[in-house]
Number of protein chains: 2
Amino acid sequence: MHAFDVLGDPVRRRILELLCDHELSSGAIVEIVGGEFGITQPAVSQHLRTLRENGFATVTEEGTRRIYALNASGLEEVDHWLAPFRRFWEPKFEALATEIARGKRKRRQRD
Amino acid sequence: MHAFDVLGDPVRRRILELLCDHELSSGAIVEIVGGEFGITQPAVSQHLRTLRENGFATVTEEGTRRIYALNASGLEEVDHWLAPFRRFWEPKFEALATEIARGKRKRRQRD
DNA sequence: GACTAATATAAACTATCACTTATATCAAGT
DNA sequence: ACTTGATATAAGTGATAGTTTATATTAGTC
């Protein structure tokens, strides 16, 4: 599953926003986003699974609890895809962008 | 439609990659991505529409041609959402992140 | 060791979304 | 004016992804 598909779901984005602040147990996440979006525990649990399986979250078992934490790699991938576009709104990237356009830097094809 | 939903589709991402380099006519885009993904002209045209309607592309009419160019605002929105997470992989954001965590900066709720 | 609490998985249903074929629009050329 | 070329829109269809109910798993408790 592509990183952008993972972020396509509002529930998953909300979970990541929560994990950005601090780790949370599965139950705590269910309580918050389950309440906000009006969905059940299994629904949230499946979202946690996709976050896990695609490099957006990590889990550590604590007894019967599962503690979820943010995994940067998924979001980093998104950030990386975004990089070449950044010159359109960040002035400081303009010079670099011009150079790239001129082909002065070799780039890997389709990464 | 949310910005991340727009980026959820691989065809639309590919179109944006093309527009990152230079403007392109609808026909040119159809030729390239239509060929790469094996989809028809109307299919590509619909993707162009979602890109237009969600602030990812702009069009200018040139006779019977439609010239598409990148619109930064859509991607900028994504970049903005990503900002608070950036500290997880960019060391220079760590200090700022700590400050935010301490609540020294006021933030708008749910933007 | 049975019971409960916390979480995950399975199966079934539904709605959304991307695709196709068919058609409309409309500018340019002859 | 008619035709052609470039593009968009409409309607219909199929697949996928998120949801629900039901159940499995496993750790802690009495």
Side-chain angles (χ1 to χ4, degrees), chain A residues 1-19 22-71 74, chain B residues 1-19 22-71 74:
Chain A
M1 198 179 193
H2 192 280
F4 277 109
D5 291 317
V6 175
L7 296 182
D9 190 278
V11 176
R12 287 196 286 267
R13 283 197 300 276
R14 181 68 181 120
I15 294 173
L16 290 174
E17 286 175 1
L18 294 171
L19 295 180
H22 34 66
E23 306 185 332
L24 283 172
S25 70
S26 175
I29 296 169
V30 167
E31 231 183 290
I32 299 171
V33 320
E36 289 179 0
F37 290 85
I39 58 176
T40 60
Q41 178 267 322
V44 176
S45 186
Q46 289 206 85
H47 285 301
L48 290 172
R49 184 189 205 174
T50 47
L51 289 174
R52 258 187 279 134
E53 293 182 344
N54 293 283
F56 286 81
T58 58
V59 206
T60 56
E61 314 199 351
E62 261 184 31
T64 172
R65 300 263 172 84
R66 304 293 152 96
I67 310 298
Y68 281 83
L70 195 103
N71 180 2
Chain B
M1 198 179 193
H2 192 281
F4 276 110
D5 291 316
V6 176
L7 295 182
D9 189 279
V11 174
R12 287 195 286 266
R13 283 197 301 275
R14 180 68 181 120
I15 294 173
L16 291 175
E17 286 174 2
L18 294 172
L19 295 181
H22 34 66
E23 306 184 332
L24 283 171
S25 70
S26 175
I29 296 170
V30 167
E31 232 183 288
I32 299 172
V33 321
E36 288 179 1
F37 290 86
I39 59 177
T40 61
Q41 179 266 323
V44 176
S45 185
Q46 287 201 88
H47 285 301
L48 289 172
R49 183 187 206 176
T50 47
L51 289 173
R52 256 187 280 136
E53 293 183 344
N54 293 284
F56 285 83
T58 58
V59 207
T60 57
E61 315 200 348
E62 262 185 28
T64 173
R65 299 261 172 84
R66 305 294 154 94
I67 309 299
Y68 280 84
L70 196 103
N71 179 0

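Worth knowing before you read on, the calculation uses all heavy atoms, side chains too, and leaves out hydrogens, waters and symmetry mates. Lettering follows sequence order; numbering is per chain, from 1.
- One finds no side-chain N or O of B/Arg66 lying less than 4.0 angstrom from the OP1 or OP2 phosphate oxygen of D/dG5.
- If you take CZ of A/Arg13 and C1' of D/dG18, they are 14 Å apart, rounded to a whole angstrom.
- Contact annotation for A/Gly38: backbone-only contact, meaning every heavy-atom pair under 4.0 Å involves sugar-phosphate atoms and none involves a base.
- Atom CD1 of A/Ile39 is separated from atom C1' of C/dT7 by 15 Å (rounded to the nearest Å).
- Checking A/Glu62 against A/Pro42, the closest nucleotide of DNA chain D that is more toward the 5' end is the one next to A/Pro42.
- In this structure, A/His2 and B/Arg13 have side chains that are in contact, with non-hydrogen atoms separated by less than 4.5 Å.
- Not one side-chain nitrogen or oxygen of A/His47 sits closer than 4.0 Å to the OP1 or OP2 atom of D/dA17.
- Closest-nucleotide positions on DNA chain D for A/Asp9 and A/Gly63 were compared, and the one nearer the 5' end corresponds to A/Asp9.
- For C/dA6, the OP1/OP2 oxygens have no side-chain nitrogen or oxygen of A/Ser25 closer than 4.0 Å.
- Under 4.0 angstrom from either OP1 or OP2 of D/dG18 there lies at least one side-chain N or O belonging to A/Arg12.
- Looking at the side chain of B/Ala43, the nearest of the listed nucleotides C/dT20, D/dT9, C/dT9 is C/dT20.
- A/Phe37 places its CZ atom 14 Å from the C1' atom of D/dT19, with the value rounded to the nearest Å.
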Under the side-chain contact (heavy atoms from CB on, under 4.5 Å) criterion, do A/Leu7 and A/Leu16 qualify, and how do the steps go?
-> CA-CA 9 Å; A/Leu7 296 182; A/Leu16 290 174; 3.4 Å; yes
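- Note: CZ (B/Arg49) to C1' (C/dA24) measures 13 Å, nearest angstrom.
- Residue A/Glu61 is out of contact with every strand shown, counting any heavy-atom pair closer than 4.0 Å.
- For B/Gln41 against D/dA8, a side-chain-to-base donor-acceptor contact under 3.5 Å is present.
- Minimum heavy-atom separation, A/Val59 to A/Tyr68: CG2-CE2, 3.6 Å.
- Side chain of A/Arg65 to main chain of A/Ser26: no donor-acceptor pair is present (N/O by atom type, distance under 3.5 Å, no hydrogens or angles).
- Counting heavy atoms from C-beta outward, A/Ile15 and A/Glu17 have side chains that stay 4.5 Å or more apart.
- OP1 or OP2 of C/dA8 sits under 4.0 Å from a side-chain N or O of A/Tyr68.
- The phosphate of D/dT21 has neither OP1 nor OP2 within less than 4.0 Å of any side-chain N or O from A/Thr40.
- A donor-acceptor pair under 3.5 Å is formed between the side chain of A/Arg12 and the backbone N or O of A/Asp5.
- Between the P atom of D/dT19 and the CD atom of A/Glu36 lies a distance of 14 Å, rounded to the nearest Å.
- Atom CG in B/Leu24 sits roughly 11 Å away from atom P in D/dT7 (whole-Å rounding).
- Between B/Arg65 and C/dA27 there is no side-chain polar atom (N or O) within less than 4.0 angstrom of OP1 or OP2.
- In this structure, A/Asp5 reaches neither bases nor backbone, as no heavy-atom distance under 4.0 Å exists between it and the strands shown.
- Put simply, CD on A/Gln46 is 17 Å from P on D/dA24, counting in whole angstrom units.
- At whole-Å resolution of the value, CD1 in A/Ile29 and P in C/dA8 are 9 Å apart.
- Under 4.0 angstrom from either OP1 or OP2 of D/dA6 there lies no side-chain N or O belonging to B/Thr64.
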